[in-house]
Protein chains: 2
Amino acid sequence: MTKMSDVAKLAKVSTATVSRVLQKPDTVKEETKKKVLEAIKKLDYQPNILARNFRRLETKTILVVMPNILNNVFSEIVVGIDYEATKNGYQVILGNTMLEEQRAHGFMNHLKQKQVDGMILLTARVDIDDLVKVANEYPLVLVSDYLEESDLVTTVAINNMKDSYTITEHLINLGHKKIAHISGPLDMSICRDRLSGYQDALMDHDIHIQYDYLTKGDYSFQSGYDNTLNLLALQNPPTAIFAASDIMAMGAIKAVKSKGLQVPHDIAVVGFDDVEFSKIFEPALTTMAQPFFDMGKTAMQLLKQKIVGEQVQNQFIELKSELKTRESCGFNLK
Amino acid sequence: MTKMSDVAKLAKVSTATVSRVLQKPDTVKEETKKKVLEAIKKLDYQPNILARNFRRLETKTILVVMPNILNNVFSEIVVGIDYEATKNGYQVILGNTMLEEQRAHGFMNHLKQKQVDGMILLTARVDIDDLVKVANEYPLVLVSDYLEESDLVTTVAINNMKDSYTITEHLINLGHKKIAHISGPLDMSICRDRLSGYQDALMDHDIHIQYDYLTKGDYSFQSGYDNTLNLLALQNPPTAIFAASDIMAMGAIKAVKSKGLQVPHDIAVVGFDDVEFSKIFEPALTTMAQPFFDMGKTAMQLLKQKIVGEQVQNQFIELKSELKTRESCGFNLK
DNA sequence: CTGTTAGCGCCTTCAA
DNA sequence: TTGAAGGCGCTAACAG
């Protein structure tokens, strides 16, 4: 491996000058610079980044931790992060925890050890004390998911409670009164909030909350399917189902069809997220479109501020979702 | 930041001993080790990985480069890589090129600069000379995609030509003679091979290849849709369509339906890949299931051999796909 | 079994 | 505008 001293020798200058040519070319005389650049070219010199990182305690790399690479919800956020990062000269690397909390902490160590300049977490399913501690000492931003006490860590997210309220109200406005909910894992704030929004909407419209209409899914297609079969088997089955994710909504629809019923004719189904497939699916899903790209982009902007040391307050940035009315919810019942 | 010398001082030993406790604990007397570990704990010492990497020229990290994080084909391979890597004490980081060739080279620099111990590429859409050169000097494995001259870089893939032949023959055996093909981007070997397999199957069964049945897609849903509309508008439209990816097959089916026709009743459609959604889609896709997990796992195994220096020959590992017969191809026409 | 010591390659004062 | 020199924190001979 050719090193800086080789270049220096060939160009008949000191290593300091070579370093300057690389870092602050303006401070070097034109002629000297030329000599050095020629030597670099001739030797095909590439600086040893490991040495540089070590010396500078900086890597120009940020780490994005996602809980499940197979879930497109996360991938779409990553695209936004990636866009903004690349624009600012940062390289993005991804860590995939496969839902194992422990692995998230492995990645947090990366950050602590300065192997990356900053970190964006797409999940809050980690040891919270550790998270808060790390977030106070190192550049870290949480996206999409958040903590109960949302001001402890800088966060970018949507208002799940409000958005969930909106979509439930949409069903109510369509004339539905018997509305069931398939929640996501309730150890996640966002899923609890979606549940709350649903309940609030019902209450505000004087609709009695029927507890066997509250089912618990786990974000999987299968759980949407299974819970729906249970709902359909009820004495007094619902006329509408609000699933806390599009994938579960698809499972729900599949279950409805398996019973010879039709969506939305017999049962209306709505989802949440608006992933790519929701448009392709038949019937196309009515759902709450999250601004994935913007979430990622905004998170990266905040992270960059933290990295360059603007001592920003912890903040909670709320982005707007948009209701997409498609086929699966049908039209006014009245 | 507490450093090794702080620990050494507190434990009243040399830094070398502290280092040994961390690297080769067996070579240290039990009692000394205990002292050191206590000091480490008391100071909450964490080794500076940047310094260590620099010193060792080793990171225990491997980089996986994928062309498009939104495409689940790649994500599923990553899961296999991840599994095997974690088992062997390697951390996986992902690089996403968003189909920009240039960015792939950025990631190759990571490898050259020893920022990672090895690299798995999920795309061969890069400068080939550079790829071959890097592959000869550093641990690198190509998966799924491959080079025309497949022995230049160690590769794990399926036999696209054979698998494509199989699925085409399946349609022929069902009685179809008018079979169209929607290819992927033909600058990729795997897409050219899928096209060849299709043509070979037709020829072997004495079916004339009709050139307006050969259409060119780009792996997107939309291209499957558009090409199918064109096929249906033909004077003599096909009775079956073989799309080179599931996503395009879904687009094709959507197009067929948009014309008031039914799949498979009026037109049979088959795909290639067997992504998660293919089972959910209606009609469920008949497709060629790639062994994604095994591909990733095998690639990581080979990479590890390269990293630890077993001078393996460049090899081309071929894995078996499996035909999944579901609804979209229908049954025997005869 | 443990300590001494000499760097790894780069960057950055400081002095010229 | 340039060079000399020290050191980032860790590891791995080599001695003892």
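Basis for what follows: all heavy atoms, side chains included, without hydrogens, waters or symmetry-related copies. Below, chains carry the letters A, B, ... as their sequence lines are ordered, and counting in each starts from 1.
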Set of side-chain hydrogen bond (donor to acceptor under 3.5 Å, both in side chains) partners for [X], sequence neighbours left out:
| X | result |
| --- | --- |
| T59(A) | D117(A) |
| D193(A) | Y146(A) |
| K3(A) | none |
| Q91(A) | H110(B) |

Sequence neighbours left out, what pairs pass side chain to side chain donor-acceptor pair (under 3.5 Å) with at least one residue falling in residues 23-36 of chain A?
-> Q23(A)-R56(A)
Whole Å only: how far is the CG atom of N48(A) from the P atom of dC10(D)?
->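 About 18 Å, once rounded to whole Å.
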For D294(A), does its backbone N or O pair with a side-chain atom of T298(A) as donor and acceptor, under 3.5 Å?
->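 Indeed, once roles are kept as given, a pair shorter than 3.5 Å links the two residues.
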So ring-ring contact (aromatic ring centres under 6.0 Å, His included) across residues 40-84 of chain A, not counting sequence neighbours, yields F54(A)-F54(B), Y83(A)-F293(A)
Heavy-atom closest contact (V18(B) atom, M4(B) atom, distance) =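 That closest heavy-atom pairing would be CG1-CG, 3.6 Å.
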Side chains of M300(B) and V156(B) in contact at under 4.5 Å (non-hydrogen atoms) |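 No - every pair of side-chain heavy atoms lies 4.5 Å or more apart.
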Do the side chains of I307(A) and Y90(A) get nearer than 4.5 Å, heavy atoms only?
->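 Side-chain contact under 4.5 Å: yes.
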Using a cut-off of strictly less than 4.0 Å between a heavy atom of the residue and any atom of DNA chain C, enumerate the qualifying residues of residues 21-44 of chain A by number.
->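 When residues 21-44 of chain A is checked for heavy atoms under 4.0 Å from DNA chain C, the hits, listed by number, are Q23(A).
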Among residues 50-60 of chain A, which contact DNA chain D at a heavy-atom distance under 4.0 Å?
-> F54(A), R55(A)
For DNA chain D, the residues among residues 4-13 of chain B that have a non-hydrogen atom under 4.0 Å from it |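 Here the set is M4(B).
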Check the interface with nucleotides 14-16 of chain D: list each N/O to N/O pair with the protein under 3.5 Å, or write none.
none

Write out all pairs satisfying salt bridge (charged side-chain N to carboxylate O under 4.0 Å, His left out) with one or both partners inside residues 97-110 of chain A, taking only residues at least two apart or from two chains.
-> R103(A)-D82(B)
Quick one: which of I93(A), V141(A), I81(A) gives a side-chain contact (heavy atoms from CB on, under 4.5 Å) with I62(A)?
-> I81(A)
Given D129(A), D130(A), N136(A), the one that forms side-chain contact (heavy atoms from CB on, under 4.5 Å) with V132(A) |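 Between V132(A) and the candidates, side-chain contact (heavy atoms from CB on, under 4.5 Å) is satisfied uniquely by N136(A).
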Distance in Å, L140(B) CG paired with L121(B) CG, rounded so as to fall on 0.5 Å steps |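 Interatomic distance, L140(B) CG to L121(B) CG, rounded to 0.5 Å: 5.0 Å.
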Interatomic spacing from CG in L122(A) to CD1 in I120(A) - rounded to 0.5 Å = 8.0 Å
Does Y45(B) put a side-chain nitrogen or oxygen below 4.0 Å from OP1 or OP2 of dC10(D)?
-> yes
At the 4.0 Å heavy-atom cut-off to chain B, mark where contacts on DNA chain C begin and end, going 5' to 3'.
-> dC1(C) to dG9(C)
For T17(A), which contact category applies under a 4.0 Å heavy-atom criterion: base, sugar-phosphate, or nothing?
->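 Sugar-phosphate contact only - T17(A) comes under 4.0 Å of backbone atoms but never of a base.
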